Number of protein chains: 2
Amino acid sequence: MTKHLFISSKGQLQARWQSAFPDAVVRTELGGGRPDVLWWARVPLNSAELSSAIATLSGVPVVVLSPEPVQEDAMHAIALGARGYCHSHATPAMLQQVAVAVTHGGLWLGPELMSRVMGAASERLLGEHPAEADPGLDLLTPRERAVALEVARGATNKEAARRLDITERTVKAHLGAAFEKLGVRDRLQLVLALKYVPVDIDHAA
Amino acid sequence: MTKHLFISSKGQLQARWQSAFPDAVVRTELGGGRPDVLWWARVPLNSAELSSAIATLSGVPVVVLSPEPVQEDAMHAIALGARGYCHSHATPAMLQQVAVAVTHGGLWLGPELMSRVMGAASERLLGEHPAEADPGLDLLTPRERAVALEVARGATNKEAARRLDITERTVKAHLGAAFEKLGVRDRLQLVLALKYVPVDIDHAA
DNA sequence: AAGCCTATTGGACCGGTGGACAGGGTGGGC
DNA sequence: GCCCACCCTGTCCACCGGTCCAATAGGCTT
């Protein structure tokens with residue numbers, strides 16, 4: 001018989017899970033025997049905890065359950081080695097499906113996520129990035145690029161303004177345009193989007 | 001009963017496959033009814049053919065079989081939407097495993113490929129290389145580190161608070177402590193400090 | 001000439017951010 | 001017991017960051 005172990009912060013979904021797997025064990029902490037499937041339902045998702053759980057139970061498929069599935073969380077989960085990701089309120093039938101898939105060596109993600117992951121993986125491994133080298137820098141005008149690079153080095157708007165000899169207001173304007181073009185919401189995400197940019201030589205030690 | 005359709009250039013493995021699935025149908029071309037699983041064993045792998053087959057049988061999981069599995073082929077296959085990839089001489093037991101996984105919504109790739117694909121997908125989607133131990137990070141307490149990492153991913157204080165299940169105020173506290181310890185003035189420079197080590201912070205002077 | 005893109009700046013608004021006060025709680029070392 | 005490090009929370013406030021409303025001016029294509 002397949003042993004299912006659910007790790008949950010609180011036990012409130014125990015009944016639901018046990019209707020999918022009558023012999024399911026629900027606990028708040030890892031421990032005890034070695035299950036055949038580990039269902040990780042602790043919220044919020046803590047990377048460190050999950051990672052150590054996966055490492056501890058090496059070989060046991062881990063499925064992450066979330067009360068409100070987020071793609072980003074799912075990506076983190078599979079990056080850490082999880083074999084599945086689905087809604088913690090999924091129907092018992094769905095949970096059984098997932099269990100079957102992962103215990104037979106599969107990865108279960110749900111249709112949308114699956115296609116996203118597959119697309120990303122193939123892009124990465126086949127080396128055909130859609131916007132290959134620059135995920136954005138050449139979308140920007142020269143001025144926008146200059147401002148973006150200043151900001152990406154950690155400058156405040158005021159500092160960037162001084163270095164480029166323009167008004168802080170203008171910096172904001174260019175920066176706003178850059179946000180728009182790169183589809184990010186703030187300077188920090190701009191930096192993350194531009195993270196490949198090598199640090200200026202004249203500022204490196 | 002699950003219907004298995006094998007598409008093969010030549011029929012020589014028919015016996016093996018039928019020992020896994022007694023009612024398996026082996027053909028050289030697509031056609032006839034709609035199977036529950038489509039096993040694609042045509043060699044060499046033709047992207048166009050496979051693609052159109054997957055499109056034609058939309059919704060039917062497709063598993064690509066190869067007499068000599070190559071990672072690149074596997075990547076192409078899943079890029080086109082295949083749900084599995086394995087050796088065409090796999091044991092009947094293995095084939096049954098694969099069938100179970102894919103018919104339950106899973107992706108089946110084999111351990112090595114799976115980890116490769118997962119790694120690639122997460123790198124691509126999260127834009128991160130697997131844990132390159134940041135030197136500054138161990139100056140921080142576990143909680144400060146967790147907050148710092150959330151922020152380093154582009155989260156706002158509010159988002160970090162939600163993800164770590166603490167108040168925004170507490171996020172600020174940990175973050176402030178992290179700024180102090182790392183000698184930076186704001187979240188953006190924190191990210192830079194965690195990503196590239198040798199950046200001089202004071203180009204404002 | 002008209003239209004568009006780029007660069008530049010202004011003012012105003014408001015939410016996010018970071019620092020400066022405050023505490024409260026736990027657990028471990030001396 | 002006391003001290004200390006860590007974790008968590010609160011209020012207040014100045015500043016920064018991002019976006020809205022503009023406007024002016026040069027260069028470029030049509």
Side-chain angles (χ1 to χ4, degrees), chain A residues 9-10 28-29 42-49 52 134 136-195, chain B residues 136-195 199 201-205:
Chain A
S9 309
K10 306 191 181 73
T28 58
E29 295 290 343
R42 303 187 76 163
V43 283
L45 188 57
N46 179 313
S47 297
E49 285 179 351
S52 86
D134 292 26
L137 263 197
D138 33 272
L139 291 176
L140 306 181
T141 67
R143 220 50 181 154
E144 288 163 358
R145 185 162 36 238
V147 171
L149 287 176
E150 282 301 322
V151 164
R153 286 186 22 224
T156 63
N157 287 343
K158 195 172 301 186
E159 290 166 355
R162 196 176 323 141
R163 293 176 62 86
L164 298 175
D165 196 29
I166 53 179
T167 313
E168 184 177 352
R169 182 60 191 82
T170 309
V171 171
K172 286 186 176 183
H174 289 309
L175 212 41
F179 293 160
E180 177 75 19
K181 290 183 180 175
L182 299 182
V184 297
R185 70 168 175 224
D186 56 35
R187 63 210 296 108
L188 203 152
Q189 299 205 337
L190 176 100
V191 173
L192 295 180
L194 265 41
K195 70 173 168 28
Chain B
L137 226 45
D138 44 343
L139 292 177
L140 307 181
T141 68
R143 219 50 180 155
E144 287 163 359
R145 183 162 36 239
V147 171
L149 287 177
E150 284 301 324
V151 166
R153 284 183 28 221
T156 63
N157 288 342
K158 195 171 302 186
E159 290 169 351
R162 243 186 89 248
R163 293 177 58 88
L164 297 176
D165 197 29
I166 53 181
T167 59
E168 188 176 348
R169 181 61 190 83
T170 307
V171 170
K172 287 185 177 183
H174 289 309
L175 209 43
F179 292 161
E180 177 77 18
K181 290 183 180 176
L182 299 181
V184 298
R185 69 169 172 225
D186 57 36
R187 62 212 295 107
L188 203 153
Q189 298 203 335
L190 174 87
V191 174
L192 296 180
L194 293 183
K195 278 199 169 347
V199 182
I201 304 303
D202 57 337
H203 70 279

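Proteins get letters first, then strands, A, B, ... in listed order; numbering begins at 1 in each. Computed from a prediction, not measured in an experiment: that's the story for all the values here.
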Could you tell me whether the side chain of [Y] reaches within less than 4.5 Å of the side chain of [X], counting heavy atoms only?
X         : Y         : value
Leu188(A) : Val151(B) : yes
Leu194(B) : Leu182(B) : yes
Leu175(B) : Leu190(B) : yes
Glu150(A) : Val171(A) : no

Looking at every strand, decide which applies to Thr170(B) at a 4.0 Å heavy-atom threshold: base, sugar-phosphate, or nothing.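 Base, at least one base atom sits under 4.0 Å.
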Atom pair [atom1]/[atom2] of [X] and [Y] - distance to nearest 0.5 Å:
X         : Y         : atom1 : atom2 : value
Lys172(B) : Phe179(B) : NZ    : CZ    : 11.0 Å
His174(A) : Thr141(A) : NE2   : OG1   : 6.5 Å
Arg169(B) : Ile166(B) : CZ    : CD1   : 11.0 Å

Grab the N/O contacts between the protein and nucleotides 26-30 of chain C below 3.5 Å, and write none if there aren't any.
none

**Report entry** Candidates dT17(C), dA7(C), dG17(D) - which lies nearest the side chain of Thr156(B)
**Finding:**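 The listed nucleotide nearest to Thr156(B)'s side chain is dT17(C).
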**Minimum-distance nucleotide (side-chain atoms of Arg143(A) versus dT9(C), dA7(C), dC8(D))** =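 Given the options dT9(C), dA7(C), dC8(D), the side chain of Arg143(A) is closest to dA7(C).
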Between [atom2] of [N] and [atom1] of [X], the distance in whole Å:
X         : N       : atom1 : atom2 : value
Glu144(A) : dC5(C)  : CD    : C1'   : 10 Å
Leu140(B) : dC6(D)  : CG    : C1'   : 13 Å
Leu164(B) : dT9(D)  : CG    : P     : 11 Å
Glu159(A) : dG17(D) : CD    : C1'   : 14 Å
Glu168(B) : dC12(D) : CD    : P     : 16 Å
His174(B) : dA5(D)  : NE2   : P     : 16 Å
Glu150(B) : dT17(C) : CD    : P     : 13 Å
Lys158(A) : dG17(D) : NZ    : C1'   : 12 Å

> Has Thr141(B) got a side-chain N or O lying under 4.0 Å from the OP1 or OP2 atom of dC7(D)?
Replying inline: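 Thr141(B) to dC7(D) OP1/OP2: side-chain N or O found under 4.0 Å.
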### Task
Keeping the roles fixed (side chain from Arg153(A), backbone from Leu192(B)), state whether a donor-acceptor pair exists under 3.5 Å.
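A pair under 3.5 Å: no.
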Using heavy atoms to find the nearest nucleotide of DNA chain C for Ala173(A) and Lys181(A) separately, return the residue whose nucleotide is more 5′.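 Nearer the 5' end of the strand: Lys181(A).
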What are the atom names and distances for every N/O pair under 3.5 Å that joins the protein to nucleotides 18-22 of chain C?
residue: dG18(C); atom: OP1; partner: Arg187(B); partner atom: N; Å: 3.0
residue: dG18(C); atom: OP2; partner: Arg187(B); partner atom: NH1; Å: 2.8
residue: dG18(C); atom: N7; partner: Lys172(B); partner atom: NZ; Å: 3.2
residue: dG18(C); atom: O6; partner: Lys172(B); partner atom: NZ; Å: 3.0
residue: dA20(C); atom: N6; partner: Arg169(B); partner atom: NH2; Å: 3.1

Quiz item: Can a salt bridge be assigned to the pair Arg162(A) and Glu159(A) using a cut-off of 4.0 Å between side-chain N and carboxylate O?
Solution: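 No, Arg162(A) and Glu159(A) are not salt-bridged.
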